[in-house]
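Every chain is numbered from 1, with letters handed out A, B, ... down the list of sequences.
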Amino acid sequence: MVPITTFHYLVVAAALFVLGVIGVLTRRNVVIVLMSIELILNAVNLNLVAFSRMWGNLHGQVFSIFVTVDAAAEAAVGLGILIAFFRNKETINVDEIDLLKW
Amino acid sequence: MNPALNSGLNSAVNAGMAPVATPCFFYVLAGLAVVSGLLVITRRNAVHSALALIVTLLAVTGLYLMLYAPFVAAVQIFVYAGGIMLLFLFVIMLVNIERSSKDRQFNRMWPVGLAAACALLALFVTAFVKGKALFPDRMISLPESSNTQQIAGMLYGEAGRMGEYTFAFEIASLLLLVAILGAVIMTKKKI
């Protein structure tokens, strides 16, 4: 069996990233769109940690912690917007969120 | 021990790294992550999606452990699987999913979105096939026991000096404060 290299991790991260992008672009439920964004951020984190191991220093791991902080902030604000919107329009479908469309 | 595991271990030793885990673990965790990632974007019920996402997060945590990153793995479990997913499940319970789980699951522009995602996938495949040689095969085993201490040194600084990322760390805490205020104000009924 081939030993696992950085490349293997990059392939897994790319697969997760593409899955996340598909979720963001095609799903209708905003909660699932936000979950897909978490999937994308996880793929990025996996890349950062894999490169951190490849170069033998911890900068990638520190950066992945910052990405996690951003993910938490994004989830909090995004879900807050979602609740505010649901209170006004009684829907969470992206098709029906078109207040700013002209 | 089965022979496949054994040869994996041996090749790991030959490549000059400590055998922290065998390739089998990697394939199991990677498959688990990708399959449950697929479940996240295909399930009709948002709660099922959230549970599948938790499985993905835990599988990725296992991959972090294989990459000698125990602190990042712990942060992943605390913040993602603990905090963010709790938030998601609460919001799913607050908003009404009965209606949305019955009607159409994909938005009007889904063919365009799928085409764009496929283009991205093709880009990744081309880049990885053509650029495979650019990624060196070396895997340096990082010290696992002092991992947290070293990360703390970079974030907080050590021996009275500022760390490399101390300023960025303070900015990150400011970002979290703003996010908390934003979330609270957004969910208030009357500002």
Side-chain angles (χ1 to χ4, degrees), chain A residues 1-12 14-16 18-23 25-29 31-32 34-36 38-39 42 45-46 49-50 52-56 58 61-62 64-66 68-73 75-77 79-84 86-87 92-95, chain B residues 4 7-8 11-12 15 23 26 30 33-34 37-38 40-41 46 49-50 53 60 63-64 67-69 72 75 79 83-84 87-88 91-92 94-95 100 104-108 110 113-114 116-117 120-121 124 128 132 135 137 139-140 142 150-151 154-155 165 172 175-176 179 182-183 186-187:
Chain A
M1 205 179 258
V2 262
I4 303 301
T5 59
T6 308
F7 190 70
H8 290 75
Y9 289 98
L10 296 191
V11 170
V12 177
L16 286 178
V18 171
L19 284 177
V21 169
I22 293 174
L25 292 180
T26 62
R27 285 306 297 252
R28 203 154 167 255
N29 190 335
V31 180
I32 295 179
L34 287 172
M35 282 190 224
S36 304
E38 301 298 326
L39 215 54
N42 253 281
N45 267 349
L46 189 57
V49 176
S52 151
R53 169 132 190 239
M54 186 174 105
W55 294 111
L58 291 175
Q61 294 186 17
V62 172
S64 82
I65 292 169
F66 286 123
T68 309
V69 170
D70 274 358
V77 174
L79 293 171
I81 292 174
L82 181 58
I83 290 180
F86 184 75
R87 185 176 290 138
I92 48 166
N93 288 337
V94 283
D95 285 347
Chain B
S7 73
S11 60
F26 173 82
V34 171
L38 203 60
V40 172
I41 61 167
S49 284
L53 185 55
V60 173
L63 292 178
Y64 289 158
L67 285 166
Y68 295 91
V72 178
V75 166
V79 177
I84 295 180
L87 205 60
F88 269 106
V91 169
I92 291 169
L94 283 177
V95 301
S100 72
R104 216 150 45 81
Q105 289 303 298
F106 297 98
N107 60 35
R108 253 178 264 128
W110 71 267
L114 199 61
L120 184 68
L121 180 67
F124 275 138
F128 281 172
K132 194 176 192 300
F135 302 114
D137 270 349
M139 292 289 267
I140 297 163
L142 300 163
Q150 284 178 345
I151 289 179
M154 288 164 92
L155 284 179
Y165 293 99
L175 174 76
L176 280 177
M186 216 86 75
T187 45

Exercise. Hey, does A:Asn45 have a side-chain heavy atom less than 4.5 Å from the side chain of B:Val72?
Worked result: no
For this session: Check whether A:Leu16 gets within reach of chain B through its side chain, its backbone, both or neither, counting any heavy atom under 4.5 Å.
Result: side chain
For this session: Measure distances from B:Phe124 to the heavy atoms of chain A and classify the residue's part below 4.5 Å as side chain, backbone, both or neither.
Result: side chain
Problem set entry | Proximity breakdown for A:Ile22 and chain B, heavy-atom pairs closer than 4.5 Å | both
Exercise. With respect to chain A, which residue among B:Leu87, B:Leu155, B:Val75 yields the maximal number of heavy-atom pairs within a distance under 4.5 Å?
Worked result: B:Leu87
Problem set entry | Interatomic distance, A:Asn42 atom CG to A:Glu38 atom CD [nearest 0.5 angstrom] | 7.5 Å
For this session: Could you tell me which portion of A:Val69 (side chain, backbone, both or neither) has an atom closer than 4.5 angstrom to a non-hydrogen atom of chain B?
Result: both
For this session: Would you mind checking which part of B:Leu53 comes under 4.5 Å of any heavy atom in chain A, side chain (CB onward), backbone (N, CA, C, O), both or neither?
Result: side chain
For this session: Provide the closest heavy-atom pair for A:Thr26 versus B:Gly113 in the form atom of the first, atom of the second, distance.
Result: CG2-C, 4.2 Å
For this session: Let me know if B:Val34 has heavy atoms under 4.5 Å from chain A in its side chain, its backbone, both or neither.
Result: both
Exercise. Between atom CG of A:Leu19 and atom CD1 of B:Ile41, what is the distance when rounded to the nearest 0.5 Å?
Worked result: 5.0 Å
Exercise. In terms of ring plane angle, is the pair B:Phe26 and A:Tyr9 parallel, tilted or perpendicular, where the classes change at 30° and 60°?
Worked result: perpendicular
Problem set entry | Structural part of B:Ile84 lying under 4.5 Å from a heavy atom of chain A | side chain
Problem set entry | Structural part of A:Arg87 lying under 4.5 Å from a heavy atom of chain B | side chain
Problem set entry | Most contacts with chain A, counted as non-hydrogen pairs under 4.5 angstrom, among B:Ala33, B:Ala183, B:Ser49, B:Ala30 | B:Ser49
For this session: Could you tell me the separation between the CG atom of A:Leu58 and the OH atom of B:Tyr68, rounded to the nearest 0.5 Å?
Result: 13.5 Å
Problem set entry | A:Ile32 versus chain B, the contacting section by heavy-atom distance below 4.5 Å | side chain
Problem set entry | Structural part of A:Thr6 lying under 4.5 Å from a heavy atom of chain B | both
For this session: Enter the distance from A:Asn93:CG to A:Arg28:CZ here, rounded to the nearest 0.5 Å.
Result: 4.0 Å
Exercise. A:Ala15 versus chain B, heavy atoms under 4.5 Å apart: side chain, backbone, both or neither?
Worked result: side chain
For this session: Find the distance between CG (A:Asn29) and OG (A:Ser36) and round it off to the nearest 0.5 Å.
Result: 10.0 Å
